[in-house]
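Each chain gets a letter, A, B and so on, in the order the sequences are listed, and its residues count up from 1.
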Amino acid sequence: MTHPRPVRVRFAPSPTGHLHVGGARTAIFNWLFAKSHDGSFILRIEDTDQQRSTRESEAMVLDDLRWLDLHWDEGPEAGGIHGPYRQSERMEIYGGMARELLQSGRAYHCFCDEEMLERKRKESEEAKQPPHYDLTCWKLGPEERRQKAEAGDKSVVRFHVPKEAGASFDGDVHIDDLIRGEIVWKKESLGDFILLRSDGMPTYNFSVVVDDHLMEISHVIRAEEHLTNTHRQVLIYRAMNWPVPEFAHVSLILGEDRTKLSKRHGATSVSQYAEDGFLPAAMLNYLALLGWSPPDGKEIFTATEAIAHFSLDRVNAAPAVFDAQKLLWMNGQYLRQMPSSTLRRQISRELEMADLVTGGGAAAEEWLDEAVDLVQKGADKMSQLRPALMFLFHFDAAAAVTDPEISPLIADSDTRIVIDALHRDLSERGGPVTAEEYQALAERVKIASGAQGKKLFMPIRVAVTGSLHGPELARTFPLLEKGSRTPGIARVLSPLERVEAFRAALG
RNA sequence: GGCGCAUUCGUCUAGGGGUCUAGGACGCCGCCCUCUCACGGCGGUAACACGGGUUCGAAUCCCGUAUGCGCUACCA
């Protein structure tokens, strides 16, 4: 390559709903490639299918991309000199290009209606023949086609695939896919295809070529489902005498049953994961790792690190199954190493709506930070934080007492002794506000009750948290004690209040 | 049916002729840590689709078969 073109790549979604994880990965690969080559990442909206495309969907896709922290250099909202970036706003351009093809004899008007085509397609399929267009209108010749057009017959514009002997633009199509290597199609394997629909809208294969050329796209990185379309597209490039970009076809993302990932596999849009408490950095990391791996073998990496190591030749050509469990694990890795104050800020709205934070203030924030820090070790996603914090704000002694898992413990007479000792100590000396004070408390209860180990700690835990499970008591006790005195948060019962309630429930 | 792509542990992958009795990660199992649940640490389980070549030597190269997937639309 003597004159390397500036790297310009594009992500070209159809706005028909939220961004799918497959689309997100394609966007990520494009973005990583652009950034690693100091190139431009362009966003283009492919909304030529007016039935399915909506402006609302477009806004959602843009939001999803922003959530992933993928910024586009050109595109809707960002602007750019190659705009407009919405195909629906480029109609005259496609019309003009189609006219060129019509004039050079590489395309022609076709008046066949859909019903007839459908019937012919079925027939050739039954005859075990490739269902190519039978060239009815091509055989009509220019004159007859003109007459039909003037008579006002509805028509589409078809591209003519040259098969005639001696056609100068004849030949098999071959590309050197950056992920898959050389791919060849015999020229016989394709029928004449539609460029412009009867309503004047371009088809995907046409608009994509026109736009990729005009937007000076150097590398087309897209999903494998477009691989065989490349055949048609290269033919258009040739007919227009345009340079053909590099291609890289990324494999599909599959569900557990190894079919293309879809709704019935569960959550498939990035927004669903966002709502479910996944972190964008984790999502980006996981998706980047699905089909690509950095040379150093690291699995947890930042976007910056990925950019530094990214290359298409390390992208796997085989399809990959989306593993929600690994995503969850990875999200947990990110979540656990996050500062608790950051997490607290992110869930603060949620806490306010649940009336857990009533006034706020520095003391409340500090207390909440500690609370979050206490529970984040056990969380894999943001949405688990609030439920994990709930035991601090709600204490239902009656429910605890009747819990089938807890009742056996209560039935044990030693349990009662520990709880009574705990109650006595708490009411005489007050609740602990440090881990050390808690340790001292536990030691005194141990001596007073004669219990130790599980027999000592489980009763204490249940009497104060209402549950068999939870964060370590040495931090829970001080947190509860301080919480009961901290303004700006919902009322937190102190350890003493809890034990009293528990004893009352015991009867 | 035709055309195309793919095929390493259950899953994501490393591997680009000898260093592979195939490495890592998730999951699963066990042990340790421990008042519990987690976290964390340690260990274990488990794979080169099959058949032919090429080669002194193949997970790695070639061909075929099988299987899966995609395209074959006036969807993208």
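- Rounded to a whole Å, the CD atom of A/Q51 is 14 Å from the C1' atom of B/A73.
- Nucleotide B/U60 forms no Watson-Crick or G-U wobble pair with any nucleotide shown, as no partner meets the under 3.5 Å limit on both distances.
- A/D323 has its CG atom 13 Å from the C1' atom of B/C28, to the nearest Å.
- Ring geometry, A/Y286 versus A/F322: the interplanar angle exceeds 60°, so the pair is classed perpendicular (tilted spans 30 to 60°).
- B/G2 and B/U65 have their P atoms separated by 11 Å, given to the nearest Å.
- The nearest whole Å value for the distance from the CG atom in A/L327 to the P atom in B/G27 is 12 Å.
- Note that CD of A/E472 is 11.0 Å distant from CG of A/L479, once rounded to the nearest 0.5 Å.
- Distance A/H249 NE2 to B/A6 C1': 15 Å, rounded to the nearest Å.
- Within 4.0 Å of A/E114, counting heavy atoms only, lies at least one base atom of the nucleic acid.
- Atom CG in A/L287 sits roughly 19 Å away from atom P in B/U11 (whole-Å rounding).
- Using C1' as the reference atom, B/C20 and B/U60 are 11 Å apart when rounded to the nearest Å.
- When both distances must be under 3.5 Å, the Watson-Crick or G-U wobble mate of B/C28 is B/G44.
- Take the nearest nucleotide of RNA chain B for A/E182 and for A/S251: the residue whose nucleotide is more 5' is A/E182.
- Under the salt bridge (Lys or Arg N to Asp or Glu O under 4.0 Å) criterion, A/E305 pairs with A/K298, not counting sequence neighbours.
- B/U54 is unpaired under the Watson-Crick or G-U wobble criterion, no partner having all donor-acceptor distances under 3.5 Å.
- Qualifying ring pair (Phe, Tyr, Trp, His ring centres under 6.0 Å) partners for A/F11, counting only residues two or more places apart in sequence or in other chains: none.
- In this structure, A/L468 atom CG and B/C37 atom P are separated by 9 Å, rounded to whole Å.
- In this structure, B/A73 makes no Watson-Crick or G-U wobble pair, since no nucleotide meets both defining distances under 3.5 angstrom.
- Partners of A/D199 under the salt bridge (Lys or Arg N to Asp or Glu O under 4.0 Å) rule, at least two apart in sequence or in another chain, do not exist in this structure.
- In this model, no donor atom of one side chain and acceptor atom of the other lie less than 3.5 Å apart for A/E256 and A/H265.
- Between the C1' atoms of B/U54 and B/G64, the separation comes to 15 Å (whole Å).
- Rounded to the nearest Å, the gap between the P atom of B/G10 and that of B/G1 is 29 Å.
- Side-chain N/O atoms of A/R158 include none lying less than 4.0 angstrom from OP1 or OP2 on B/A73.
- In this structure A/D47 satisfies the salt bridge (Lys or Arg N to Asp or Glu O under 4.0 Å) test with no other residue, sequence neighbours excluded.
- Because its NZ or CZ atom is both nearer than 6.0 Å to the ring centre of A/F111 and within 45° of the ring axis, A/K148 counts as a cation-pi partner of that residue.
- A cation-pi contact, defined as under 6.0 Å to the ring centre and within 45° of the axis, is absent between A/R44 and A/Y85.
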Using atom names, set out every protein N or O paired with an N or O of nucleotides 69-72 of chain B below 3.5 Å, distance rounded to 0.1 Å.
| residue | atom | partner | partner atom | Å |
| --- | --- | --- | --- | --- |
| B/C71 | O4' | A/T228 | OG1 | 3.2 |
| B/C71 | O2' | A/T228 | OG1 | 3.1 |

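- Side-chain atoms of A/T48 never come within 3.5 Å of backbone atoms of A/T203 as a donor-acceptor pair (strictly under, hydrogens ignored).
- Only the P atoms considered, B/U8 is 14 Å distant from B/G15, to the nearest whole Å.
- For the P atoms, the distance from B/C61 to B/G70 is 26 Å, rounded to whole Å.
- Residue A/S293 has a polar side-chain atom (N or O) positioned under 4.0 Å from OP1 or OP2 of B/A14.
- Using Watson-Crick or G-U wobble geometry with both donor-acceptor distances under 3.5 Å, B/G16 finds no partner in any strand shown.
- Near RNA chain B, meaning a heavy atom under 4.0 Å from it, residues 372-383 of chain A has A/K377, A/G378 in order of number.
- Partner assigned to B/U65 is B/A49, using Watson-Crick or G-U wobble distances below 3.5 angstrom.
- A donor-acceptor pair under 3.5 Å links the side-chain atoms of A/N30 to the main chain of A/I221, judged by distance alone.
- The listed nucleotides are B/U36, B/A6, B/A76; the one nearest the side chain of A/H469 is B/U36.
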Sub-3.5 Å pairs of nitrogen or oxygen atoms, protein against nucleotides 62-65 of chain B:
none

What protein N or O atoms touch nucleotides 40-49 of chain B N or O atoms at under 3.5 angstrom, if any, and at what distances?
| residue | atom | partner | partner atom | Å |
| --- | --- | --- | --- | --- |
| B/G40 | OP1 | A/Q333 | NE2 | 3.3 |

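- Of all nucleotides listed (B/U11, B/C74, B/C5), B/C5 comes nearest to the side chain of A/R180.
- For A/E299 against B/G24, a side-chain-to-base donor-acceptor contact under 3.5 Å is present.
- In this structure, B/C9 forms no base pair with any nucleotide, since neither Watson-Crick nor G-U wobble geometry is met with both distances under 3.5 Å.
- As a whole-Å value, the separation of A/R52 CZ from B/C74 P is 14 Å.
- A/L327 is listed as a side-chain neighbour of A/Y273, based on a closest heavy-atom distance under 4.5 Å.
- Rounded to whole Å, atom C1' of B/A38 lies 13 Å from atom CG of A/L335.
- As judged by a 4.0 angstrom heavy-atom cut-off over every strand, A/V156 is placed among the base-contacting residues.
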Anything under 3.5 Å between a donor and an acceptor, one on a side chain of residues 446-459 of chain A, the other on a protein residue two or more places apart or in another chain? List them.
| residue | atom | partner | partner atom | Å |
| --- | --- | --- | --- | --- |
| A/S449 | OG | A/V445 | O | 2.7 |
| A/S449 | OG | A/A451 | N | 3.2 |
| A/K455 | NZ | A/D412 | OD2 | 2.8 |

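- Of the charged side-chain nitrogens involved, at least one lies within less than 4.0 Å of a carboxylate oxygen, so that A/E225 and A/K260 count as a salt-bridged pair.
- Here, B/C31 and B/A47 have their C1' atoms 26 Å apart, quoted to the whole Å.
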Protein-nucleotides 33-35 of chain B N/O pairs closer than 3.5 Å?
| residue | atom | partner | partner atom | Å |
| --- | --- | --- | --- | --- |
| B/C35 | O2 | A/R461 | NE | 3.0 |
| B/C35 | O2 | A/R461 | NH2 | 3.3 |
| B/C35 | N3 | A/R461 | NH2 | 3.0 |
| B/C35 | N4 | A/L473 | N | 2.6 |

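- Both cation-pi conditions hold for A/R158 and A/Y133: the charged atom is under 6.0 angstrom from the six-membered ring centre and inside a 45 degree cone around its axis.
- Side chain to side chain, A/H132 and A/S189 fail the donor-acceptor criterion of an N or O pair below 3.5 Å.
- Checking B/U34 for Watson-Crick or G-U wobble geometry (two distances, each under 3.5 Å) identifies no partner in any strand.
- Of the possible donor and acceptor atoms, none in the side chain of A/T415 sits under 3.5 Å from a partner among the backbone N and O of A/A411.
- The residue among A/T203 and A/W292 whose nearest nucleotide of RNA chain B is located toward the 5' end is A/W292.
- Under the salt bridge (Lys or Arg N to Asp or Glu O under 4.0 Å) criterion, A/D192 pairs with no residue at all, not counting sequence neighbours.
- B/G23 and B/G16 are spaced 15 Å apart, taking the C1' atom of each and rounding to whole Å.
- Every ring pair (Phe, Tyr, Trp, His ring centres under 6.0 Å) that A/Y438 has, sequence neighbours left out, goes to A/F477.
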